[in-house]
*Asks:* 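Below is a structure I'd like to ask you about.
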Amino acid sequence: EVQLVESGGGLVQPGRSLKLSCAASGFTFSNYYMAWVRQAPKKGLEWVATISTSGSRTYYPDSVKGRFTISRDNAKSSLYLQMNSLKSEDTATYYCASFNYGGSARYFDYWGQGVMVTVSS
Amino acid sequence: EIVLTQSPTTMAASPGEKVTLTCRASSSVSYMHWYQQRSGTSPKLWIYETSKLASGVPNRFSGSGSGTSYSLTINSMETEDAATYYCQQGSSYPLTFGSGTKLEIK
């Protein structure tokens with residue numbers, strides 16, 4: 001059974017940093033692209049970052065580019081999201097997800113339970 | 001950026017009723033993917049590559065469409081189908097989601 005378990009969330013002040021982790025199990029982690037998706041309170045879904053199997057390629061929307069860094073450790077079956085210069089608009093539940101990277105059919109297969117990040121003074 | 005517009009925003013359906021949710025893209029996309037999110041839970045992949053049902057999805061669900069217009073249909077609404085449904089395109093970056101359709105049971 002695929003399991004994705006996020007951790008590392010919490011309350012952080014604007015301008016500070018936070019690092020999220022995601023522990024994966026139940027599948028061959030190193031064979032899959034991975035991603036982060038977030039959801040602000042009572043709002044819709046927003047893609048945050050994607051990383052290739054080796055970690056050599058990463059993708060971000062403009063809203064987080066230059067502030068967030070996605071990384072992975074295949075030996076530990078773990079995914080990370082380093083978030084710097086946090087803003088109040090980054091307040092959201094952050095989901096770790098496996099990512100199907102098949103040409104133009106890119107989608108999120110499996111999702112974790114999510115971890116809450118609150119940016120407030 | 002490809003903007004996805006879902007309609008309706010909210011709707012209610014009676015058990016047994018046929019339901020159609022729509023997702024329109026601002027530019028042509030190759031596929032549309034759909035997610036179901038029940039209240040208080042994480043999203044689940046529901047339909048991928050426009051018309052393929054994810055594992056465990058009942059066959060009363062179907063997906064169709066092409067170009068800029070896509071839909072998700074429930075043949076006969078059941079109480080467990082009450083949820084918010086999001087469409088998502090992966091044809092170009094940035095990957096984008098629609099704002100969701102909240103489907104309630106009448």
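Below, read A as the first sequence line, B as the second, and so on, with proteins coming before strands; counting in each chain starts at 1. Please read these numbers as outputs of a predicted model, since none were measured by experiment.
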*Asks:* Report the relative orientation of the aromatic rings in B:Phe97 and A:Phe108; use parallel for angles under 30°, tilted for 30 to 60°, perpendicular for over 60°.
*Replies:*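 The rings of B:Phe97 and A:Phe108 lie parallel, inter-plane angle below 30°.
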*Asks:* Can you see which heavy atom on B:Leu95 is nearest to which on A:Trp47, and at what distance?
*Replies:*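 Closest approach of B:Leu95 to A:Trp47, heavy atoms only: N-CE3, 3.5 Å.
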*Asks:* Counting only heavy atoms closer than 4.5 Å, note whether B:Gln37 contacts chain A via side chain, backbone, both or neither.
*Replies:*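 For B:Gln37, the side chain is the part near chain A, not the backbone.
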*Asks:* Got a sec: does the CZ of B:Arg60 have more than 12 other heavy atoms crowding it under 6.0 Å?
*Replies:*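 More than 12 within 6.0 Å, yes.
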*Asks:* Just how far is it from atom CG of A:Asp109 to atom NE2 of B:His33, taken to the nearest 0.5 Å?
*Replies:*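 It is 10.0 Å, given to the nearest 0.5 Å.
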*Asks:* Could you state whether B:Tyr93 and B:Tyr86 fall into the same hydrophobic cluster, counting links through intermediate Ile, Leu, Val, Met, Phe, Trp or Tyr residues with side-chain heavy atoms under 4.5 angstrom apart?
*Replies:*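 In one cluster: yes.
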*Asks:* Between atom OH of B:Tyr31 and atom CZ of A:Arg106, what is the distance when rounded to the nearest 0.5 Å?
*Replies:*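 CZ of A:Arg106 is found 11.5 Å from OH of B:Tyr31.
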*Asks:* Heavy-atom cut-off 4.5 Å, strictly under: side chain, backbone, both or neither for A:Glu46 against chain B?
*Replies:*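 The answer is the backbone of A:Glu46.
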*Asks:* Examine A:Tyr94 and A:Phe99 and state if one hydrophobic cluster contains both, with Ile, Leu, Val, Met, Phe, Trp and Tyr joined whenever side-chain heavy atoms are less than 4.5 Å apart.
*Replies:*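 Hydrophobic grouping puts A:Tyr94 apart from A:Phe99.
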*Asks:* Should the heavy atoms of other residues, nucleotides or ligands under 6.0 Å from CZ of A:Arg16 be counted, would the total exceed 12?
*Replies:*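 Result for CZ/A:Arg16: open.
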*Asks:* Can you tell me which portion of A:Tyr110 sits under 4.5 Å from chain B's heavy atoms? Options are side chain, backbone, both or neither.
*Replies:*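 Looking at A:Tyr110, nothing touches chain B.
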*Asks:* If you count heavy atoms of other groups shown closer than 6.0 angstrom to CG of B:Asn59, is the number above 12?
*Replies:*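 No.
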*Asks:* Compare every heavy atom of B:Ser42 with every heavy atom of A:Tyr95, then report the nearest pair and how far apart it is.
*Replies:*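 Heavy atoms of A:Tyr95 and B:Ser42 come nearest at CE2-CB, 3.3 Å.
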*Asks:* Is there a donor-acceptor contact under 3.5 Å linking the side chains of B:Gln89 and A:Tyr107?
*Replies:*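 Their side chains do not contain a donor-acceptor pair, so the 3.5 Å distance test is not met.
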*Asks:* Tell me, side chain or backbone of A:Thr50 under 4.5 Å from chain B's heavy atoms, or both, or neither?
*Replies:*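 Only the side chain of A:Thr50 comes within 4.5 Å of chain B.
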*Asks:* Measure the shortest side-chain to side-chain distance between B:Pro94 and A:Asp62 over non-hydrogen atoms and say whether it is less than 4.5 angstrom.
*Replies:*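 Side chain of B:Pro94 against side chain of A:Asp62, heavy atoms only: no contact under 4.5 Å found.
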*Asks:* Where on B:Thr41 is there a heavy atom nearer than 4.5 Å to chain A: the side chain, the backbone, both, or neither?
*Replies:*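 Backbone of B:Thr41 only, per the 4.5 Å heavy-atom cut-off to chain A.
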*Asks:* Would you say B:Tyr48 ends up clustered with B:Phe61 if hydrophobic residues are merged whenever their side chains have heavy atoms under 4.5 Å apart, either directly or through other cluster members?
*Replies:*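 No, B:Phe61 and B:Tyr48 fall in different hydrophobic clusters.
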*Asks:* Could you look at B:Thr96 and say if it's the side chain, the backbone, both or neither that has a heavy atom under 4.5 Å from chain A?
*Replies:*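 It is neither, since no heavy atom gets under 4.5 Å.
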*Asks:* May I ask whether B:Leu45 and B:Leu53 are part of the same hydrophobic cluster, defined by side-chain heavy atoms of I, L, V, M, F, W, Y residues being less than 4.5 angstrom apart, directly or through others?
*Replies:*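 No, because B:Leu45 and B:Leu53 fall into different hydrophobic clusters, even though each may have its own neighbours under 4.5 Å.
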*Asks:* With side-chain contact (heavy atoms from CB on, under 4.5 Å) as the criterion, how do B:Tyr35 and A:Trp111 come out once you've worked through the C-alpha distance, each side chain's angles and the decisive distance to 0.1 Å?
*Replies:* CA-CA 11 Å; B:Tyr35 302 85; A:Trp111 299 63; 3.7 Å; yes
*Asks:* With hydrophobic residues grouped by side-chain heavy-atom distances under 4.5 Å, do A:Tyr60 and A:Leu79 end up in a single group?
*Replies:*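 Yes, A:Tyr60 and A:Leu79 fall within the same hydrophobic cluster.
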